[in-house]
Amino acid sequence: MKASVRARIRRAIALLMAASATCVHGSPAVDITVHADRPGAVIHPEIYGQFAEQLGHGIYGGIWVGEHSSIPNIKGYRKDVVEALKAIKVPVIRWPGGCFADQYDWRDGIGPRNQRPVRMNGSWGGEDDNQFGTHEFMDFAELIGAKTYVSINVGTGSPRDMSQWIEYITADGHSSLAQQRRANGRDKPWKLDYVGIGNEMWGCGGSMRPQFYADVYSQYATFVHAPPNAPITRIASGANAGDVHWTDTLMAAAGSQIDAISLHNYSIPTGDWKHKGSATQFGEDQWISTLQGALGMDDLITRHSQVMDKYDPKKRVALDVDEWGNWTDQDPDAGDAVLYQQNSLRDALSAAITLDIFQTHADRVRMANIAQMVNVLQAMILTDKSKMVLTPTYYVFDMYKVFQGATNLPIEVEAPPYHYGNAKVPGIHAAAGRDVAGVLHVALVNLDPHHATTVHIHLVGPHGANLQGKMLTAPAITSVNTFSRPHEVEPVPFDHAVLKDGVIAADLSPKSIVVLEIH
Ligand code: AHR
C-alpha cells in the first residue's frame with residue numbers, strides 16, 4: 001500500500017477516534033495535519049531578528065554601560081545581556097532607528113568617545129552623547145554573532161553621507177575613510193548585511209508621498225556600493241500597516257532596484273494610539289484584542305505580498321517586517337526610560353503567533369525585527385542598573401530558535417474558535433518545520449485562557465518516533481517576570497503528549513505555548 005494511502009487511512013481512523021473523544025476538561029478535540037512530505041520555503045533565521053533603537057534605556061543602560069562601569073561588562077557591553085542574547089542566537093540587529101535614524105549623523109558616533117558631540121534626540125527626547133556609535137554597534141553584532149542592519153538617514157541626510165558611511169564600514173584598501181576607521185581602532189572592514197533606505201518615509205522619515213519616495217529610494221539605492229563578494233541587501237521603507245498603495249507605487253516605480261520592502265505593524269491593546277492600554281493591568285477584553293492585533297499580521301503579509309506578486313511573481317523581492325510587536329502605554333514609573341513597558345504572558349502568545357505567521361510566509365518574509373531588544377516596547381530583556389530579567393517574549397524566541405533555517409511545512413488546523421464578547425480568534429494556532437538535521441518541530445499556541453485542549457497532530461510523511469517538548473505558560477494572563485520574581489513565566493519540559501501510529505495526542509494547557517520535537 002502506498003505511504004500516502006496509509007497516511008489517509010491513519011488520519012481517517014484518528015479523526016473517528018478524535019470525534020468521539022473529549023479532552024481534558026471536556027473541551028472538544030482539535031485536529032492538526034502536518035504535511036511533512038511537502039517541504040516548503042526555507043525559514044530564514046533572520047525572521048527571529050531584533051531591533052535596537054537609540055532611545056530611552058534601550059542602548060544606554062540596556063546594552064552599553066561603558067568600560068568603566070561597575071556593572072560587569074565586556075568592553076562596555078553588559079555581560080549578562082550579551083550572554084542572554086547569545087543564548088537565543090540573535091540572527092540580525094537593526095540599528096540606530098526607527099525614527100531616530102533619519103536625524104542621525106554617523107560622524108557623531110566615531111572617534112575618541114570623550115570627544116564625541118552631545119545631540120538632542122529629536123525623535124524621542126533627551127540627549128544622546130554618542131558613546132554608542134558605528135564601532136560599538138558593529139562590534140556588538142560581531143560579539144553576539146548577529147548580522148548587521150543599518151538604517152540610513154534619508155530624511156535629513158544625503159546620498160553622499162550614506163555612501164561614505166558604507167565605505168567607512170566596509171572598505172578595505174587605502175581610502176581615507178578606511179584609514180580613518182583603522183585610526184579609530186578597527187583594522188579589518190566589517191560585514192554590512194542590510195541597509196534600510198530611510199524609515200517610515202510616509203511619517204517620521206520625511207512625510208513623503210510614495211511617488212516621491214520611490215524616486216528618492218532609487219537615487220540612494222544607486223549609491224549603495226557593496227564590496228566584491230559582500231553583498232548588501234537594500235531595503236526600501238515600506239508601508240504603514242495596510243497601505244498597499246504604497247507598496248504598489250514602490251514596486252511599479254523602483255522594483256528592479258529593491259531587494260526588500262519593509263513593513264511595520266504594532267498591536268495596540270485598545271486600538272487607540274493615545275491610550276494604548278496597560279502592559280500589566282488588563283482584562284480578557286484586551287487579552288483577546290491584542291492577540292487579534294497580532295493575528296492581523298497574516299492578512300497584512302498576504303495583501304502586500306499579493307501586490308508584490310503582480311511585479312515579482314518569483315518573489316525575488318522580500319517583505320521584511322522590520323518593526324513589529326505589542327505597543328502599550330509606557331510604564332508609569334519609567335522616568336526617562338522612554339517606551340519602557342513590562343512584558344507578560346500576553347506578549348509571549350503574541351510573539352509565538354506572529355513567528356508562526358512569518359514561518360508560514362517564509363517564501364516572501366525573509367527578515368523580521370521585533371521592536372525592541374532591551375527595555376523598549378516588547379523587549380526580550382529588562383534591566384535596572386545592575387539587575388536584569390528575561391521576559392516571557394525572550395523565552396518564545398528561545399523556544400522557536402529550533403526553526404531557524406528549517407523548512408516550513410504546510411499545516412492545517414481544525415479548531416473551534418475562542419470567543420470573548422464580540423471578539424473571536426482561532427482557539428489554536430500552529431506552525432511546523434523540519435530542521436537541517438531532519439528533525440520535525442511543531443509549535444502550538446492555545447489562545448483560550450480558560451480551557452485546556454487536546455490536539456491530535458497527524459504527521460503525514462517521514463518523521464521520527466521520539467517526542468519531546470517545552471511549554472510556556474503562567475498562572476494568569478497578566479503574569480510577568482520582575483526583578484524580584486524573575487521565574488514566574490519560564491519554559492518547562494512538556495510531557496503531556498504521546499506519539500502513536502503517526503498521530504500525536506497532546507494536552508495543551510489554557511493560555512500556553514508548546515514546541516514539540518519529533519526525532
Ligand atoms: O519602535 C518605535 C518607533 O515606532 C520607531 O522609531 C518608528 O519607526 C515606529 O513608528
Side-chain angles (χ1 to χ4, degrees), residues 49-60 62-63 92-104 119-126 128 132 137 149-157 194-208 213 217 235-243 246 260-269 271-274 276-277 279 293-294 296-297 300 319-331 334 336-343 347 350-351 354 367-382 391 393:
Q50 304 281 328
F51 171 36
E53 183 164 10
Q54 207 99 346
L55 71 84
H57 291 191
I59 306 273
Y60 298 114
I63 295 168
V92 58
I93 313 168
R94 176 175 185 245
W95 172 86
C99 295
F100 178 86
D102 282 290
Q103 295 182 50
Y104 181 63
R119 305 278 184 212
M120 301 290 292
N121 186 328
S123 304
W124 300 106
D128 190 320
F132 194 91
F137 170 67
Y149 175 3
V150 165
S151 284
I152 299 296
N153 178 348
V154 171
T156 63
Y194 303 87
V195 289
I197 310 291
N199 171 75
E200 298 194 350
M201 299 311 289
W202 39 266
C204 67
S207 307
M208 295 178 188
Y213 172 62
Y217 172 85
I235 304 177
S237 169
N240 182 14
D243 180 5
W246 181 276
I261 297 187
S262 69
L263 171 66
H264 290 180
N265 190 52
Y266 289 96
S267 179
I268 313 294
D272 175 357
W273 280 91
K274 288 205 180 89
K276 303 179 192 74
M297 184 66 81
L300 283 177
L319 181 62
D320 290 341
V321 188
D322 62 12
E323 285 186 31
W324 66 273
N326 291 341
W327 193 330
T328 69
D329 292 334
Q330 180 171 307
D331 189 296
D336 62 353
V338 181
L339 303 191
Y340 181 94
Q341 63 191 47
Q342 243 298 0
N343 194 289
D347 293 283
S350 289
T354 309
M367 176 165 65
N369 309 76
I370 189 169
Q372 300 193 7
M373 192 151 72
V374 188
N375 291 335
V376 176
L377 301 181
Q378 190 178 343
M380 305 301 104
I381 295 173
L382 301 175
T391 68
T393 299

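Only heavy atoms go into these numbers, but all of them, side chains included; no hydrogens, no water, no symmetry mates. Owing to the predicted nature of the structure, the values given are computational and were not obtained by experimental measurement. Atoms within each ligand, like the ligands themselves, are counted from 1 in listed order.
- Taking the six-membered ring where tryptophan is involved, the planes of W273 and Y266 are perpendicular, since the angle between them exceeds 60° and thus also 30°.
- Tested against R94, the residues D322, V150, D320 include a single side chain to side chain contact (heavy atoms under 4.5 Å, CB included) partner, D322.
- To the nearest 0.5 Å, the span separating CH2 on W124 from SG on C204 amounts to 7.0 Å.
- When only interatomic distances are considered, the shortest N/O to N/O separation between C99 and ligand 1 falls below 3.5 Å.
- Only the side chain of F51 comes within 4.0 Å of ligand 1, judged by heavy-atom distances.
- Looking only at side-chain heavy atoms (C-beta outward), V376 and F51 stay at 4.5 Å or farther from each other.
- Counting heavy atoms closer than 4.0 Å to ligand 1, residue V376 contributes nothing at all.
- Taking the six-membered ring where tryptophan is involved, the planes of Y194 and Y149 are tilted, since the angle between them lies from 30° to 60°.
- The ligand atoms of ligand 1 that sit less than 4.0 angstrom from a heavy atom of L377 are 1 (O), 2 (C).
- Residue contacts with ligand 1, taken as heavy atom pairs separated by less than 4.0 Å, do not involve L55 at all.
- Compare W324, Y266, W327 by their heavy atoms: the one nearest to atom 1 (O) of ligand 1 is in Y266.
- A distance of 6.0 Å or more separates the ring centres of Y213 and W202.
- The residue from E323, Q378, Q372, E200 that puts a heavy atom closest to atom 4 (O) of ligand 1 is E323.
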